[in-house]
Amino acid sequence: MSKDELKGRSDIPQTLEEFMADMKESKSDAKTFAIKLRDMVTLMEQRTRTAKIQEYLYRHVASSSIPKQLHCLALRLANEHSTNAAARLQLPSAELVPALVDNSYFHYVLASDNVLATSVVATSLVKNSLHPAKIVLHIITDRKTYYPMQAWFSLHPLSPAIIEVKALQHFDWFSKGKVPVLEAMEKDQRVRAQFRGGSSAIVANNTEKPYVIAAKLQALSPKYNSLMNHIRIHLPEMFPSLNKVVFLDDDLVVQTDLSPLWDIDMNGKVNGAVATCRGDDKFVMSKTLKSYLNFSHPLISRNFDPNECAWAYGMNIFDLEAWRKTNISQTYHYWLEQNLKSDLSLWQLGTLPPGLIAFHGHVHVIDPFWHMLGLGYQENTSFADAESAGVIHFNGRAKPWLDIAFPKLRPLWSKYINFSDKFIKSCHIRAS
């Protein structure tokens, strides 16, 4: 009997108790017992599947949408940029421009199109620094967010730290002909276009397993095709004069002075990162290469060890001098191409899997104090543990600026927002 035929059947017990009572009352034979039990289990499996898919759809919509408050903030700041000269300052001012290429400063790079999230990272970085006058924060954004981002940091300076706001289009490297990551993204977008009809068509599929549907919904998420997500692989070209940078994601909070990161001996490695295969939190810190790469594909199984420890993006020390002596960027683009030729079958979505491959053999593991993960998908993280970490990362769907954020963890992020600020108030951005 098909699953569709089970719909609307009133004779199928809805619970185990109802089933047992029915069997006692009817004194059915073994065959009838087996048929009714099969029908009940099949119906329950169908309902469980439907509930799971609905949950995946709700999460997808909640995490992919731009909250109206953030949209409002960008519009207000864009308007301020056009009407107020104080919101159009050169960042940084002319006398501070030499610091942008001075390797005696601590250089941080953040790529984002989210003004509020960027402001929290920047504020937490500077406020918790013991040497704020030595900080240079290079903020990279896209064309549409450049004016709002420039307006925000013109009107909210974090002196004595030096803030640079730059759109991708302002980089000489970006405007000089072909950019491999852009070409790969365009092809990637064409492959994702196979999901015709969007999310409604995906969830309407009655034959695919829920986890396959969840993966396809994830494929529609804008962040997986965001240039902001891929741009870190081009840091050596974007900052040709710098020797070392710390790259920060926009969904984290800095809770300590980060200047000791510059004292870490990387032993000739390129990428200083926290390993994610060991730690007290077995849910978050149990990731090996097989957690991200598809080892049933021969291209992967021939080249990598499934049990090798993975590491995290989000708070990384990049030795750009060492990087320039490698073929890391070329390796990254080669594997992006291989994944496209394989119909996106080599790894799960996101930029970490190709990063795990490209930086293979070039990673120096740093103390997990410097990067606590999982605050965007792990509600069981204790507030005390999170509060004592050097950097906390809201990786996962439950971003702190979304309604689906975990209430007990959100204050660690929102404490760096001035809710009396006129732009924040006018857009009804609140602490909870």
Side-chain angles (χ1 to χ4, degrees), residues 52-77 110-124 141-142 144-145 148-149 152 198-199 202-203 214-226 228-229 248-255 283-284 312-315 349-352 372-383 386-387 389 391-419 421 423-432:
K52 272 187 180 176
I53 290 169
Q54 283 300 319
E55 182 189 356
Y56 292 143
L57 179 60
Y58 295 149
R59 282 185 189 171
H60 166 71
V61 171
S63 63
S64 301
S65 306
I66 300 174
K68 62 183 180 183
Q69 294 94 330
L70 297 193
H71 188 58
C72 165
L73 183 63
L75 291 176
R76 296 262 175 162
L77 289 167
L110 192 162
S112 177
D113 58 0
N114 183 330
V115 176
L116 186 65
T118 301
S119 77
V120 168
V121 178
T123 303
S124 65
T141 192
D142 58 12
K144 69 175 171 45
T145 315
M149 194 76 79
W152 177 269
S199 57
I202 292 171
V203 299
K216 285 190 172 183
L217 284 173
Q218 244 186 335
L220 294 180
S221 176
K223 77 171 188 172
Y224 289 113
N225 199 45
S226 165
M228 295 295 107
N229 232 18
L248 303 171
D249 275 0
D250 68 359
D251 54 352
L252 54 77
V253 176
V254 177
Q255 301 186 129
F283 181 58
V284 175
Y313 263 152
M315 202 298 301
L349 293 163
T351 52
L352 179 56
M372 182 180 191
L373 294 135
L375 277 73
Y377 65 85
Q378 169 67 307
E379 194 171 12
N380 296 329
T381 303
S382 82
F383 185 88
E387 199 174 29
V391 175
I392 53 174
H393 194 173
F394 289 83
N395 59 310
R397 292 182 187 274
K399 301 299 183 195
W401 55 84
L402 298 175
D403 290 339
I404 57 173
F406 301 128
K408 74 172 183 179
L409 299 174
R410 192 173 188 267
L412 293 167
W413 179 82
S414 60
K415 68 190 275 189
Y416 292 101
I417 299 172
N418 175 11
F419 291 99
D421 179 86
F423 297 102
I424 299 294
K425 281 178 74 174
S426 66
C427 288
H428 306 290
I429 297 170
R430 298 187 176 91
S432 58

For the student: nearest non-hydrogen atoms of Ser124 and Val254, plus distance = OG-N, 3.0 Å

Name all residues meeting the side chain to side chain donor-acceptor pair (under 3.5 Å) criterion together with Asn114; count only those two or more places apart in sequence or in a different chain, and write none if there are none.
-> none

Please assess Phe406 against Leu375 for the test side chain to side chain contact (heavy atoms under 4.5 Å, CB included), listing each intermediate value before the final yes or no.
-> CA-CA 8 Å; Phe406 301 128; Leu375 277 73; over 6 Å; no

Gap between atom CD1 of Ile392 and atom CE of Met315 - 0.5 Å precision | 13.5 Å

Nearest-0.5 Å distance that lies between atom SG in Cys427 and atom CG in Leu77 = 7.5 Å

Please report the closest heavy-atom contact between Cys72 and Ser426, naming both atoms and the distance.
-> SG-O, 4.3 Å

Might you confirm whether atom NZ of Lys144 has over 12 heavy atoms from other residues, nucleotides or ligands at distances under 6.0 Å?
-> yes

Main-chain N/O of Val120 paired with Thr123 side-chain donor or acceptor, under 3.5 Å | no

What is the distance from atom CG of Leu70 to atom CG of Leu116, rounded to the nearest 0.5 Å?
-> 5.5 Å

Are the side chain of Arg410 and the backbone N or O of Ala431 linked by a donor-acceptor pair below 3.5 Å?
-> yes

Would you confirm whether Gln255, through its side chain, and Ala386, through its main-chain N or O, come within 3.5 Å as a donor-acceptor pair?
-> yes

Starting from the C-alpha separation in whole Å, work towards a yes-or-no answer on side chain to side chain contact (heavy atoms under 4.5 Å, CB included) for Asp421 and Trp152.
-> CA-CA 11 Å; Asp421 179 86; Trp152 177 269; 4.0 Å; yes

With rounding to the nearest 0.5 Å, note down the distance linking CH2 in Trp401 to CD1 in Ile429.
-> 12.5 Å

What one should report as the nearest heavy-atom pair of Leu409 and Phe383 is CD2-CA, 4.5 Å

About how many Å separate CD1 of Ile424 and OG of Ser119, when rounded to the nearest 0.5 Å?
-> 6.0 Å

How far apart are the C-alpha atoms of Val253 and Phe394, what are their side-chain angles, what is the distance that settles it, and do they pass the side chain to side chain contact (heavy atoms under 4.5 Å, CB included) test?
-> CA-CA 8 Å; Val253 176; Phe394 289 83; 4.1 Å; yes

If you measure from CZ on Arg430 to NZ on Lys425, what distance do you get to the nearest 0.5 Å?
-> 10.5 Å

Can any side-chain N or O of Asp249 pair as donor or acceptor with the backbone N or O of Asp251 at less than 3.5 Å?
-> no

Ala74 versus Pro148, closest heavy-atom pair with distance | O-CG, 3.5 Å

What is the minimum heavy-atom distance between Thr141 and Ser112, and which atoms define it?
-> OG1-O, 2.8 Å

